[in-house]
Protein chains: 2
Amino acid sequence: MPPRQNRPTINQVAAAAGVTKSSVSRAFTRPEMLSEETVRKIFAAAEELGYVPNHTARALSTGRHGNIALIVPDVANPFFPPLIRAAQAEADRSDYCVFLGNSDENPKQEDKLIGRFGGQVEGFVLVSSRLSDAQIIEHAGRAPLVLINRDVPGIPRVLIDSATGVAQAVAHLAELGHRKLVYVGGPHGSWSNKQRRSAVRRAARKLGLEVVVISNEFPAFEFGRKVTPSVLATGATAAIAFDDLTAQGMLAELAEQGVAVPDDFSVVGCDDVLGAATFPALTTVSNRSVEAGRAALNLLMDMLQNQAIRDVRYVLDTSLVIRKTTGPAESALQ
Amino acid sequence: MPPRQNRPTINQVAAAAGVTKSSVSRAFTRPEMLSEETVRKIFAAAEELGYVPNHTARALSTGRHGNIALIVPDVANPFFPPLIRAAQAEADRSDYCVFLGNSDENPKQEDKLIGRFGGQVEGFVLVSSRLSDAQIIEHAGRAPLVLINRDVPGIPRVLIDSATGVAQAVAHLAELGHRKLVYVGGPHGSWSNKQRRSAVRRAARKLGLEVVVISNEFPAFEFGRKVTPSVLATGATAAIAFDDLTAQGMLAELAEQGVAVPDDFSVVGCDDVLGAATFPALTTVSNRSVEAGRAALNLLMDMLQNQAIRDVRYVLDTSLVIRKTTGPAESALQ
DNA sequence: CTGTTAGCGCATTCAC
DNA sequence: GTGAATGCGCTAACAG
């Protein structure tokens with residue numbers, strides 16, 4: 001038999017304490033079933049030997065692994081780390097360990113990870129899943145599963161609704177006197193992009209603003225720079241970008257071209273992943289990814305306890321964070 | 001017995017295929033021991049039932065969990081995600097799953113996580129560990145363990161040596177004609193900060209430059225902004241910051257004060273976590289965290305296979321990435 | 001309160 | 001090549 005860690009087992013503790021396995025087991029799971037005396041003896045022996053219950057054996061016996069899996073498209077995308085951190089902290093509070101999976105935005109990889117994790121977790125959190133609805137439903141049938149930023153009816157999900165914040169952004173710009181703005185889009189297949197784009201359109205229509213939509217296949221910063229000339233060419237006086245990185249790219253290009261922000265042109269980002277770390281500090285839409293992570297974990301923990309699989313749709317509203325990149329239209333170009 | 005997932009077991013497959021458990025087990029681990037015929041039958045039955053080997057049971061039996069643990073101080077610190085991503089990808093190549101732990105920069109928490117993971121992983125990677133040398137050595141005695149950015153003799157470790165890149169930065173500034181520069185420090189207890197600070201001093205002495213060191217207890221961006229007036233007051237014409245965020249803060253404040261970069265003042269960051277996403281694009285020191293993650297994992301995998309615990313000290317040199325925030329001193333202030 | 005017994009699902013001897 | 005038996009370390013009835 002291959003190498004094995006040499007940790008003391010329940011039997012050795014039992015022998016050392018002069019009791020049986022059962023009592024040792026109980027001492028670690030239901031101490032109230034034992035006399036204080038025995039518990040003390042057992043803990044002393046355990047301490048002495050450096051005994052720690054074997055998680056794997058316990059899992060095999062009980063079917064509870066005390067683990068959950070968290071799968072994201074890309075750990076390195078600044079949107080996710082705070083969410084991961086929050087989820088991890090929340091899991092920790094319930095003594096759960098978390099497997100982290102990185103799908104690389106790839107459905108195949110995501111599916112593979114789910115399979116690999118499957119045997120050793122009690123449930124899943126899929127963030128911005130790239131899987132098809134059918135696949136998600138299938139997996140949800142096998143194990144408790146909650147979604148973040150993916151809206152599949154019947155599957156518990158928490159959604160960050162950037163529409164509210166985006167609408168506020170449009171209103172904010174309207175109030176500042178802007179009459180024409182452009183929405184600088186994000187990744188083609190993205191649920192968030194669709195949501196934000198239509199939110200801009202809807203709000204603009206309501207307020208009588210003109211809006212030009214520019215689409216994008218490339219990611220973030222570079223795209224922000226490249227698209228800026230076209231944005232200016234539309235004659236608009238403000239832009240709302242799909243995300244902060246795109247906005248940051250625009251800021252860089254505008255500075256390069258000597259266009260003052262917000263005096264000559266206003267820019268709004270989305271997701272607030274940069275904090276105030278741009279210059280000028282970026283007006284943006286809050287993202288609430290921390291709450292999303294926390295909420296998803298609470299949902300999951302809930303499902304694990306009362307194994308009722310409720311159809312929850314937990315929506316987190318966003319709001320506008322006004323900083324320094326938006327200003328009155330009077331002074332703007334045109 | 002509490003809830004249990006209802007996956008088919010090896011026995012059901014055996015029954016369906018008309019063989020015994022043993023054969024099914026072999027079909028999944030050492031198919032070459034069986035006739036092609038039986039293997040085919042077994043796989044067919046397994047497929048039919050949707051059988052997947054139970055990872056936990058297998059781990060209990062073999063002592064190999066196919067998992068490793070990765071512990072970082074803070075997932076949300078932009079330095080770590082690329083490292084995590086690389087490590088995770090590398091683990092995946094060897095069919096390992098990775099537990100992610102977030103220590104919150106807290107030794108207690110780190111210790112607790114190691115304990116919790118202990119029973120279900122074959123090894124650990126500790127990134128920028130906050131544990132004492134003694135604790136690290138103790139844990140390394142129990143299970144294969146490799147360190148990143150922590151230099152404990154006897155424990156396999158991979159170190160990112162920012163000293164080389166920092167020295168290049170000083171040389172670069174000297175070449176541009178700068179005679180006096182300031183090092184804007186980072187967190188007090190940080191190994192990296194000490195390393196960088198002394199690298200700046202050493203290189204400056206060698207090249208006959210004057211250097212002022214400003215220390216910092218606060219993190220990053222805000223500190224960069226606040227410290228800028230003092231930096232300018234020194235009469236230096238260039239600054240090297242502990243990290244990119246600090247540099248970015250300085251950039252923002254310099255812009256605010258109308259000091260042109262790099263015409264009036266030069267700035268160098270460290271870690272290259274921002275890519276070219278500042279304006280002007282930041283000259284900085286590469287970080288190689290991706291390679292560090294990959295290397296650590298390869299080391300660990302190596303230790304798991306040939307269980308020889310070698311004393312490896314793997315050092316990754318860094319180098320200067322010249323972008324747009326450094327320029328000749330002639331035109332600078334003073 | 002505590003000991004006895006029987007698995008959890010699988011890998012691995014050892015026979016045949 | 002394949003089957004039967006044993007045990008990984010622990011929990012959970014069932015007794016007493």
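Below, read A as the first sequence line, B as the second, and so on, with proteins coming before strands; counting in each chain starts at 1. These figures come from a predicted structure and were not determined experimentally.
Between B:Leu34 atom CG and D:dG1 atom P there is a gap of 9 Å when expressed in whole angstrom units. Remark: P of D:dG7 and CG of A:Leu60 are 17 Å apart, rounded to the nearest angstrom. Between the C1' atom of C:dT4 and the CG atom of A:Asn11 lies a distance of 13 Å, rounded to the nearest Å. Atom CZ of B:Arg58 and atom C1' of C:dC8 are 16 Å apart (whole Å). At whole-Å resolution of the value, CZ in A:Phe28 and P in D:dA12 are 15 Å apart. Across the protein-nucleic acid pair, B:Arg7 atom CZ and C:dC8 atom P stand 15 Å apart, rounded to whole Å. Counting to the nearest Å, the P atom of D:dC8 and the CD atom of A:Gln12 are 11 Å from each other. The distance from atom CE of B:Met33 to atom C1' of C:dC16 is 14 Å, rounded to the nearest whole Å.
Heavy-atom distances under 4.0 Å link DNA chain C to A:Ser35, A:Thr38 of residues 35-52 of chain A, given in residue order.
Donor-acceptor pairing under 3.5 Å, judged by distance alone, is absent between the side chain of A:Thr62 and the base of D:dA12. One donor-acceptor pair, N or O on each side, does fall under 3.5 Å between the base of D:dG3 and the side chain of B:Arg26. Donor-acceptor pairing under 3.5 Å, judged by distance alone, is absent between the side chain of B:Arg30 and the base of D:dG1.
The residue A:Thr56 sits apart from the nucleic acid: no heavy atom pair falls under 4.0 Å. Contact annotation for B:Val24: no contact, since no heavy-atom pair falls under 4.0 Å across all strands.
Taking a 6.0 Å sphere around OH of B:Tyr314, one finds it holds 12 or fewer heavy atoms contributed by other residues, nucleotides or ligands.
Using a 4.0 Å cut-off between charged side-chain N and carboxylate O, B:Glu138 and B:Arg142 make a salt bridge. Between B:Arg40 and B:Glu37 there is a salt bridge, with a side-chain nitrogen of the basic residue lying less than 4.0 Å from a carboxylate oxygen of the acidic one. A salt bridge links B:Asp311 with B:Arg157: the distance from a Lys NZ or Arg NE/NH1/NH2 to an Asp or Glu carboxylate oxygen falls below 4.0 Å.
Contact annotation: the side chain of A:His139 approaches that of A:Asp111 to within less than 4.5 Å [non-hydrogen atoms, C-beta and beyond].
Taking the screw axis at each terminus of the helix from C:dC1-D:dG16 to C:dC16-D:dG1 from five consecutive base pairs, the angle between the two is 40° to within rounding of 10 degrees.
Relative to the side chain of B:Ser61, the nucleotides D:dG9, D:dG7, D:dC10 differ in distance, and D:dG7 lies closest. Here C:dC10 is the nucleotide among D:dG3, C:dC10, D:dA12 with the atom lying nearest to any side-chain atom of B:Thr9. Checking C:dA11, D:dC14, D:dC10 against the side-chain heavy atoms of B:Ile10 singles out C:dA11 as nearest.
Paired with B:Leu126 under the rule side-chain contact (heavy atoms from CB on, under 4.5 Å), one option of B:Ile114, B:Val146, B:Ile155, B:Ile148 passes, and it is B:Ile114.
Taking side-chain N and O atoms only, B:Thr20 has a distance below 4.0 Å to OP1 or OP2 of D:dG3. Distances shorter than 4.0 Å separate none of the side-chain N or O atoms of A:Arg64 from OP1 or OP2 on C:dC8. Phosphate proximity of C:dT12 to B:Ser22: absent, as no side-chain N or O sits under 4.0 Å from OP1 or OP2. Between A:Ser25 and D:dT11 there is a side-chain polar atom (N or O) within less than 4.0 angstrom of OP1 or OP2.
Under the salt bridge (charged side-chain N to carboxylate O under 4.0 Å, His left out) criterion, no residue pair touches residues 44-57 of chain B, with sequence neighbours excluded.
Considering every non-hydrogen atom in both A:Phe79 and A:Asp271, the closest pair reads CD1-OD2, 3.7 Å. Counting all heavy atoms, side chain and backbone alike, B:Ser132 lies closest to B:Arg150 at C-NH2, 3.9 Å. When all heavy atoms of A:Ser289 and A:Ile160 are compared, the closest pair comes out as CA-CD1, 3.9 Å.
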